[in-house]
Number of protein chains: 2
Amino acid sequence: MSKMQKEHTLTKNQQIVFDLVEKSSEPLKAYSILFNVQKKGIKAPLQVYRALDRLVEIGKIHKIESRNAFIACHNSSCQVAKATAFSICEICEKVTEISSAGLSKYLTNFKDKDGMKYSKYNLEFFGLCKKCR
Amino acid sequence: MSKMQKEHTLTKNQQIVFDLVEKSSEPLKAYSILFNVQKKGIKAPLQVYRALDRLVEIGKIHKIESRNAFIACHNSSCQVAKATAFSICEICEKVTEISSAGLSKYLTNFKDKDGMKYSKYNLEFFGLCKKCR
DNA sequence: CTTTCTAATGTTATATTATTACATAACGTT
DNA sequence: AACGTTATGTAATAATATAACATTAGAAAG
């Protein structure tokens, strides 16, 4: 484990939800997660949302805001989930996390007209993926 | 009217919804819009959502995805709503549309590892606004 | 080991956001 | 006038998310 990354031991529900999201090749929606973890004893939406909230907080997963869906983090450099970028195919809905040092550097250092600097950002690109073009 | 911008005559419901969003100093949520236009004869959520969808499509308003709220476009350069950027204060929830030629140019030209270029993006920055700092 | 504190869990109910389905009306074009 | 298209009206319901409150589990201190 990296020295820089704080260790977060996942609780039971968090682990169950994370395992599912992590295994998935596509972003999962909260109620789809709920349906799929009911056999593991999670019965209510709130149990899922609480686990998701915490997992987002510690950067293990990200929320795709335009889709209300969750995807595991595949970018070791966004450990605290403060700088996220995704590409989304508008046909097949495939979502990929973008790991670009240049992009991340540009946005992290971006200052607006008032000189305001931001502590966090989320960027979603839309277009057609290779397959769908 | 700019030569570049296509003229879109708004229909009755679209105009009612747009007028409200346009007057507002903060992003409005769909059901808050509904409540506020009931005196104008709009009675159902769907009427609001249809107007919002169309207004977003033609670039008169934008959706703040992380807040499920809508704000009028204040950026003459994003006429077709394909390149949007906002700053969001995490305390007071003030939202401002960012107009930065540099940012817009950088993102519009951004290509990922596979050389994929995108037709659209939405960027949301989070931090504390002047007042809340 | 037991008290205390905190975080996580369990459970029910409900709030909020958004869409499906279908019927009708308005409008431009031929 | 007939036709196709877009907008509207309406009811019902689906999908997403949170409030409120009770209970349990685990860590830390004495």
Under-4.0 Å side-chain N/O to phosphate OP1/OP2 contact, [X] with [N]:
X       : N      : result
B:Arg50 : D:dA7  : no
A:Thr11 : C:dA7  : no
B:Gln47 : D:dG9  : yes
B:Lys12 : C:dC27 : no

What is the distance, to the nearest angstrom, from the [atom1] atom on [X] to the [atom2] atom on [N]?
X       : N      : atom1 : atom2 : result
B:Gln15 : D:dA7  : CD    : P     : 14 Å
A:Phe70 : D:dT16 : CZ    : P     : 10 Å
B:Leu10 : D:dT6  : CG    : P     : 17 Å
B:Glu65 : D:dT16 : CD    : P     : 14 Å
A:Arg54 : D:dA17 : CZ    : P     : 20 Å
A:Lys40 : C:dT9  : NZ    : P     : 15 Å
A:Phe35 : D:dA15 : CZ    : C1'   : 15 Å
B:Leu52 : D:dA7  : CG    : C1'   : 15 Å

* To do: Decide whether A:Glu65 and B:Ser66 meet the rule of one side-chain donor and one side-chain acceptor closer than 3.5 Å.
  => no
* To do: Please list residues of residues 20-27 of chain A whose heavy atoms come under 4.0 Å from any atom in DNA chain D, ordered by number; otherwise none.
  => none
* Ring centers of B:Phe110, A:Phe125 separated by less than 6.0 Å -> yes
When you measure from the side chain of [X] to the backbone of [Y], do you find a donor-acceptor pair of N or O atoms at a distance under 3.5 Å?
X        : Y        : result
B:Lys113 : A:Ser99  : yes
A:Lys29  : A:Arg67  : yes
A:Glu124 : B:Asn122 : no

Could you list, one pair per line, each protein nitrogen or oxygen that sits under 3.5 Å from a nitrogen or oxygen of nucleotides 13-17 of chain C, together with the distance?
{"residue": "C:dT17", "atom": "OP1", "partner": "B:Lys29", "partner atom": "NZ", "Å": "2.5"}

* Asked: Please walk me through it: do B:Gln15 and B:Asn13 pass side chain to side chain donor-acceptor pair (under 3.5 Å)?
  -> CA-CA 5 Å; B:Gln15 190 68 57; B:Asn13 287 359; over 6 Å; no
* Is the closest side-chain heavy-atom distance between A:Thr84 and A:Leu123 below 4.5 Å? -> no
* Asked: Can you find a heavy atom in the side chain of A:His62 that is under 4.5 Å from one in the side chain of A:Cys73?
  -> yes
* Asked: Of all the choices, C:dT9, D:dA7, D:dT10, which nucleotide is nearest to the side chain of B:Lys43 once you look at every atom?
  -> D:dT10
* **Pairs meeting criterion side chain to side chain donor-acceptor pair (under 3.5 Å) with involvement of residues 34-48 of chain A, two or more places apart** => none
